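Numbers here are sequence positions counted from 1. Only a predicted model underlies this, so the values are computations on that prediction, with no experimental measurement involved. Just so you know, ligand 1 is whichever comes first in the structure, and atom 1 is the first atom listed for that ligand. What you see below is based on every heavy atom in this structure, not just the backbone, and it leaves out hydrogens, waters and symmetry mates.
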Amino acid sequence: MADAEIIDGKVFAQKLRSRITSATEIIKQKYNSTPGLAVVLVGEDPASEVYVRNKGKQTTECGMVSFEHKLTDEVSQSELLDLIQKLNNDESVDGILVQLPLPEHIDPQAVLDAINPEKDVDGFHVVNAGKLATGGDALVPCTPLGCLLMLKDYFGDLSGKNAVVVGRSNIVGKPMAALLTRENCTVTIAHSRTKDLPSVCRSADILIAAVGKAEMVEEDWVSEKTVVIDVGINRIPAPERGEGKMRLVGDVAFDEVKRKAKAITPVPGGVGPMTIAVLLRNTIEAACRRRGWDLPDL
Ligand code: NDP
C-alpha cells in the first residue's frame with residue numbers, strides 16, 4: 001500500500017499569493033487604487049505579534065497597503081470601538097482584522113460585531129456567519145476557506161462526497177461544514193459528544209480534524225479513500241530536541257495515518273500557511289464588492 005499523497009499548504013499558499021499579487025496589479029491599473037488591510041493588535045502576546053508581523057509583511061509583498069494599529073492592553077473597550085469606527089469610515093481601508101485573543105476586560109464579540117460586515121475579512125461578524133449559513137454572499141473565515149480551496153484543487157468537484165468535520169466551533173467547524181454543504185457534500189458534524197467517533201470518521205471521503213487535541217485521529221479512523229485535512233495546531237514536549245523544547249503537531253497522528261489515507265495535510269506546512277493567503281484573498285474580494293469593482297480571477 002502506497003503512502004498518502006502529501007498536500008503541501010506552503011506551495012498552495014505561494015500560488016495563491018502570486019494570483020493575489022496579479023489581481024492587485026490589475027486593480028491598480030484599472031481603478032487607480034490599492035486595496036488596504038488594517039490589522040489591530042491589543043497587548044503584547046508574543047504569538048499574536050508574530051502573526052501580525054507576518055500579515056503586514058505578506059500584505060505589502062502582494063502589493064496591497066498594510067495599516068497596523070498597536071494598542072496597549074490598558075486600552076478600554078470604548079477606545080477600541082472608536083478605532084474600529086474610524087477604520088469603518090476610512091475609504092482606504094477595505095479589510096479590518098482584530099487579532100484575537102483580546103485582554104479579558106474586552107468583550108470580543110462586541111468588537112467583532114462593530115466591524116462593518118463589508119470589511120470583515122475574518123468573516124466572524126454575525127451578518128457574514130448568517131449569510132454563509134443561508135447561502136448568501138458572505139466573507140468566509142480564512143481557515144475553513146483555505147481548507148476548501150485545497151480540497152477543490154485536489155478533487156475538482158466535491159459533489160456527493162461524504163465529509164466528516166470533527167469540531168463545531170464558530171471559527172472553524174461550523175463554517176467548514178457550511179462550505180462543504182454548499183459544495184454538495186454529505187456532511188456530518190462530529191464533536192465531543194459524538195458516539196463511536198472512529199467509525200464515523202472511517203466513513204469519510206473527506207475528514208476535517210479541527211479539535212485541538214494532539215494526534216487524536218489514529219490510523220484506524222481512516223480508510224484508503226480518506227483525504228485528511230488537519231487543522232489542529234498543538235504544542236507538545238519534544239525532549240528529543242533538548243530539554244524544555246516543544247514541537248508542533250496536528251490533531252492527526254500524521255506518521256501512522258499517512259500510511260493508510262489517500263492524502264493528508266502535514267502540520268506544520270498544511271492548513272496553517274494558507275490562512276494568511278486567504279485573508280489577503282478576502283481583502284481583495286471585500287474591496288471589489290464594496291467599491292463595485294470587477295473581481296479579478298483568484
Ligand atoms: P475550539 O476549542 O473552539 O473547538 C474544538 C471543537 O472540538 C469543539 O467543537 C469540541 O466539541 C470538539 N472536541 C473537543 N474534544 C473532542 C473530542 N475528544 N472528540 C471530538 N470532538 C472534540 O477549537 P477551534 O475550532 O478554535 O480550533 C480547533 C483547532 O484548530 C485548534 O488546535 C486550533 O489551534 C486550530 N486552529 C488552526 C488554525 C490554522 O490556521 N491552522 C486556525 C484556527 C484554529 P464540543 O463543541 O462538543 O465542545
Side-chain angles (χ1 to χ4, degrees), residues 6-14 16-17 39 45-48 50-55 58 97-102 108-109 112 121-124 129 132 139-151 163-180 187-204 207-218 220-222 228-236 246-254 257 264-282:
I6 307 297
I7 302 177
D8 188 332
K10 278 190 276 186
V11 170
F12 202 84
Q14 182 50 48
L16 179 55
R17 280 197 300 271
V39 177
D45 175 53
S48 295
V50 173
Y51 287 140
V52 167
R53 214 172 23 249
N54 282 338
K55 282 170 186 164
Q58 292 190 27
L97 178 142
V98 178
Q99 184 68 43
L100 300 175
L102 291 168
Q109 201 54 50
L112 298 178
V121 282
D122 248 345
F124 294 161
L132 177 61
L139 285 167
V140 176
C142 301
T143 299
L145 182 53
C147 296
L148 183 77
L149 294 176
M150 288 197 283
L151 284 168
V164 175
V165 181
V166 191
R168 54 174 165 179
S169 72
N170 289 338
I171 61 168
V172 189
K174 281 187 200 138
M176 188 74 246
L179 285 170
L180 291 166
V187 181
T188 303
I189 304 177
H191 44 74
S192 65
R193 311 288 177 89
T194 298
K195 297 220 167 77
D196 196 3
L197 188 55
S199 94
V200 171
C201 292
R202 255 191 313 274
S203 70
L207 176 62
I208 313 278
V211 180
K213 297 260 182 301
E215 300 179 322
M216 182 180 88
V217 175
E218 297 172 2
D220 71 336
W221 293 36
V222 301
V228 184
I229 305 287
D230 189 354
V231 181
I233 302 176
N234 309 286
R235 210 169 275 279
I236 62 166
M246 307 290 277
R247 67 188 175 99
L248 288 186
V249 296
D251 290 343
V252 178
F254 181 82
V257 170
I264 186 167
T265 59
V267 176
V271 173
M274 280 297 289
T275 301
I276 298 181
V278 175
L279 173 71
L280 303 179
R281 182 191 187 280
N282 278 357

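Protein heavy atom closest to atom 17 (C) of ligand 1, with residue, atom name and distance, is M216 SD, 3.9 Å. In this structure, the protein non-hydrogen atom closest to atom 29 (C) of ligand 1 is G212 N, 3.7 Å. Annotation: atom 48 (O) of ligand 1 to nearest protein heavy atom, S192 OG, 3.7 Å. Given atom 16 (C) of ligand 1, the protein heavy atom at minimum distance is V211 CG1, 3.6 Å. The closest protein non-hydrogen atom to atom 34 (O) of ligand 1 is I233 O, 3.6 Å. Here the heavy atom of the protein found nearest to atom 3 (O) of ligand 1 is S169 CB, 3.3 Å. The shortest contact between atom 27 (O) of ligand 1 and any protein heavy atom is with V172 CG2, 4.4 Å.
T265 places a side-chain N or O within 3.5 Å of a backbone atom of D230 that can act as its donor or acceptor partner. Between the N170 side chain and the F124 main chain, no donor and acceptor come within less than 3.5 Å of each other. Side-chain atoms of D251 come within 3.5 Å of backbone atoms of K213 as a donor-acceptor pair (strictly under, hydrogens ignored). Under the 3.5 Å distance criterion, the side-chain polar atoms of N234 are matched with a main-chain donor or acceptor of G250. With hydrogens and angles ignored, the 3.5 Å screen pairs a side-chain donor or acceptor of S169 with a backbone N or O of V172.
The atoms of ligand 1 that sit less than 4.0 Å from any heavy atom of T275 are 39 (C), 40 (O). Ligand-side atoms of ligand 1 in range of K213: 15 (N), range being under 4.0 angstrom from any heavy atom. Ligand 1 places these atoms under 4.0 Å from at least one heavy atom of V231: 30 (O), 35 (C), 36 (N), 37 (C), 41 (N). Near A210, meaning under 4.0 Å from any of its heavy atoms, are these atoms of ligand 1: 5 (C), 6 (C), 7 (O), 28 (C). Of all atoms in ligand 1, listed by their number and element, those nearer than 4.0 Å to a heavy atom of V271 are 41 (N). If you number the atoms of ligand 1 from 1 as listed, the ones under 4.0 Å from a heavy atom of G167 come out as 6 (C), 7 (O), 9 (O). Applying the 4.0 Å criterion to heavy atoms of L197 picks out, from ligand 1, the atoms 19 (N), 20 (C). Shown in contact with I171 at under 4.0 Å from a heavy atom are these atoms of ligand 1, numbered in order with element: 26 (O).
R168 approaches K174 most closely through the heavy-atom pair O-CE, 3.4 Å. Closest approach of G173 and V165 over heavy atoms only: O-CG1, 3.8 Å. Between L148 and M176, the closest heavy-atom pair is N-CE, 4.0 Å.
For a threshold of 3.5 Å applied to N or O pairs, the pair formed by D251 and ligand 1 contains no separation below that value.
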